[in-house]
2 protein chains.
Amino acid sequence: MSMTPEVTTYSIQDVAKAAGTTSRTLRHYQDIGLLMPSRTGHNGYRYYDGQALLRLQRILLLRQLGLGLPEITKVLEGTRDTTAALRRHLELLMQERDRLELQIASVKTTIDKTERGEQLMAKEMFDGFDHTQYKEEVEERWGKDAYAKGDRWWRGMSDAERASWKEQSKQLLADWVAAGQSGLAAESAEAQALAQRQYDWLASANDGQEVSFDYFTGLGDMYVADPRFGTNYGGEQGATFVRDAMKVYADGHLK
Amino acid sequence: MSMTPEVTTYSIQDVAKAAGTTSRTLRHYQDIGLLMPSRTGHNGYRYYDGQALLRLQRILLLRQLGLGLPEITKVLEGTRDTTAALRRHLELLMQERDRLELQIASVKTTIDKTERGEQLMAKEMFDGFDHTQYKEEVEERWGKDAYAKGDRWWRGMSDAERASWKEQSKQLLADWVAAGQSGLAAESAEAQALAQRQYDWLASANDGQEVSFDYFTGLGDMYVADPRFGTNYGGEQGATFVRDAMKVYADGHLK
DNA sequence: TATGAAGCTTGACGTTGCGTCAAGGTCAAG
DNA sequence: CTTGACCTTGACGCAACGTCAAGCTTCATA
């Protein structure tokens with residue numbers, strides 16, 4: 001062993017490369033007092049020796065395990081026991097993992113529900129009327145070529161417009177369901193706002209053609225009569241809620 | 001189309017409470033253009049209607065699923081398809097979960113290794129010699145029942161004593177490593193102080209039984225020979241440093 | 001009507017661990 | 001002397017708000 005500790009020192013880049021990190025990180029560690037350079041040149045350059053490199057490696061190891069820098073500081077200065085810190089950290093990690101699992105499950109079911117909702121909305125727009133008792137009336141008011149018109153309208157839109165419209169439809173359905181579930185009254189502002197959106201939605205799908213009182217309320221009745229709508233709108237009482245809200249809206253605005 | 005929809009409006013607090021969030025969040029959403037108040041009073045007060053409330057609920061739902069606010073913005077304005085966004089997000093979530101699983105495993109094994117490292121220190125004292133060329137000599141000096149004795153000694157301590165001893169062991173190891181890295185000479189006062197502590201440590205683990213010159217120096221040779229020690233003491237040159245220091249100490253103090 | 005308690009507003013900083021310019025000094029080589 | 005590589009010190013940015021701070025407004029009482 002050498003008497004004079006003629007220690008070899010390394011530039012900041014050398015250390016960074018050797019440890020697989022960046023010079024910015026080393027400066028940061030100095031800023032927070034986690035790892036000081038062993039020497040600073042007259043020009044301000046930072047120089048590190050083997051001891052610092054070793055400490056850095058331990059820092060990076062702990063950081064790779066997910067520990068925070070303040071915690072690492074305490075561990076390295078001996079204030080906190082390593083295994084105790086790791087065990088405590090392990091708890092957090094597992095907790096976080098559990099939270100993620102739940103979130104993943106939620107996202108999966110949401111995707112599922114959204115997809116089914118989307119399909120149903122599309123059907124309702126274009127061929128839903130084929131199966132209802134209001135077919136004749138609807139055809140009378142909207143024309144026998146309602147579907148064809150709707151199709152042209154659909155094709156006339158840009159991709160962005162189509163995406164926007166689909167999204168609106170989905171939102172509308174979701175919002176109706178949410179409103180129905182929350183037990184709102186048909187006369188409530190929220191429900192009426194939804195009815196307004198429903199009106200606009202219908203009108204927009206027909207080139208802004210006016211929607212009559214009769215058609216709007218009739219549509220509401222159809223929602224209750226047709227089990228498909230009950231299913232989509234959260235059960236029979238959901239459809240009832242929608243119909244009632246639409247009726248209130250029609251009474252106040254169309255007539 | 002619609003006549004003026006006289007909608008009931010709510011204050012910022014009302015909406016926040018209704019949706020289970022805070023007014024600060026609502027202001028933030030306005031700042032980033034995610035949710036604007038439906039009306040702003042002459043006094044600057046924000047007022048929201050049912051439509052805004054529903055939009056907020058959708059926002060919070062998506063956020064609960066982990067989507068970022070920019071992504072939510074795109075989804076709500078129809079720029080991005082909901083299911084596509086959710087699917088993409090799901091990928092990230094599962095990726096993140098996998099990362100967490102790996103980290104959890106790493107932390108677990110690290111805890112394990114650290115603990116066994118401590119045990120190894122203890123075991124090295126008592127049965128580590130089974131794997132070395134010094135086995136016979138050690139058994140001769142320490143007795144064939146060295147491990148059993150050590151075990152009794154260990155069990156005879158209180159929890160506090162055990163903790164203290166473990167801490168001392170770790171500290172000793174850390175100090176050896178630091179000294180080795182800093183390029184100290186084996187003859188230096190620091191190194192000799194460490195050798196002294198090493199001696200005391202060995203003796204303390206054997207009921208104060210005397211440690212011989214041969215055993216002490218032999219142990220030092222073993223440190224160099226056994227790669228496990230090299231690893232613990234900061235590489236081969238670390239072990240060499242420890243051995244040299246122990247030799248110097250033995251020459252001066254043990255016969 | 002005066003007043004105090006709520007409730008509202010607009011800043012602006014803090015959080016975590018650096019990445020990423022920006023502007024400029026230092027050093028070895030050609 | 002110039003070039004290019006490497007170094008320095010700021011300082012902003014990120015994600016999604018939490019948390020004061022200072023100063024209005026509104027509402028319910030006394």
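Letters A, B, ... mirror the listed sequences (proteins, then strands); counts begin at 1. Since the structure is predicted, the reported quantities are computational estimates derived from the model, not experimental observations.
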Can you tell me how far P of D/dC7 sits from CZ of A/R39, to the nearest Å? 14 Å
Using atom CD1 of A/I12 as one end and atom C1' of C/dC18 as the other, report the distance to the nearest whole Å. 13 Å
Kindly say whether [Y] contributes a backbone atom to a donor-acceptor pair with the side chain of [X] at under 3.5 angstrom?
| X | Y | answer |
| --- | --- | --- |
| A/Q30 | A/M36 | no |
| A/H89 | A/L65 | yes |
| A/S38 | A/D49 | yes |
| A/T110 | A/S106 | yes |

Indicate yes or no: does A/D251 engage A/K247 in a salt bridge with an N to O separation below 4.0 Å. yes
So that I can tick it off, tell me whether B/E96 and B/R99 are bridged by a salt bridge, with the cut-off set at under 4.0 angstrom between side-chain N and carboxylate O. yes
In terms of ring plane angle, is the pair B/Y47 and B/Y45 parallel, tilted or perpendicular, where the classes change at 30° and 60°? tilted
Listed in order of residue number, which residues of residues 59-73 of chain B have a non-hydrogen atom at under 4.0 Å from DNA chain D? B/R63, B/G68, B/L69, B/P70
In residues 16-33 of chain B, what residues come within less than 4.0 Å of DNA chain D, judged by heavy atoms? B/T22, B/R24, B/T25, B/H28, B/Y29
Locate the shortest heavy-atom distance separating B/V75 from B/A85; write the atom from each residue and the value. CG2-CB, 3.8 Å
B/R46 side chain near C/dT9 phosphate (N/O to OP1/OP2, under 4.0 Å): yes
For D/dC24, does OP1 or OP2 lie under 4.0 Å from any side-chain N or O of B/N43? no
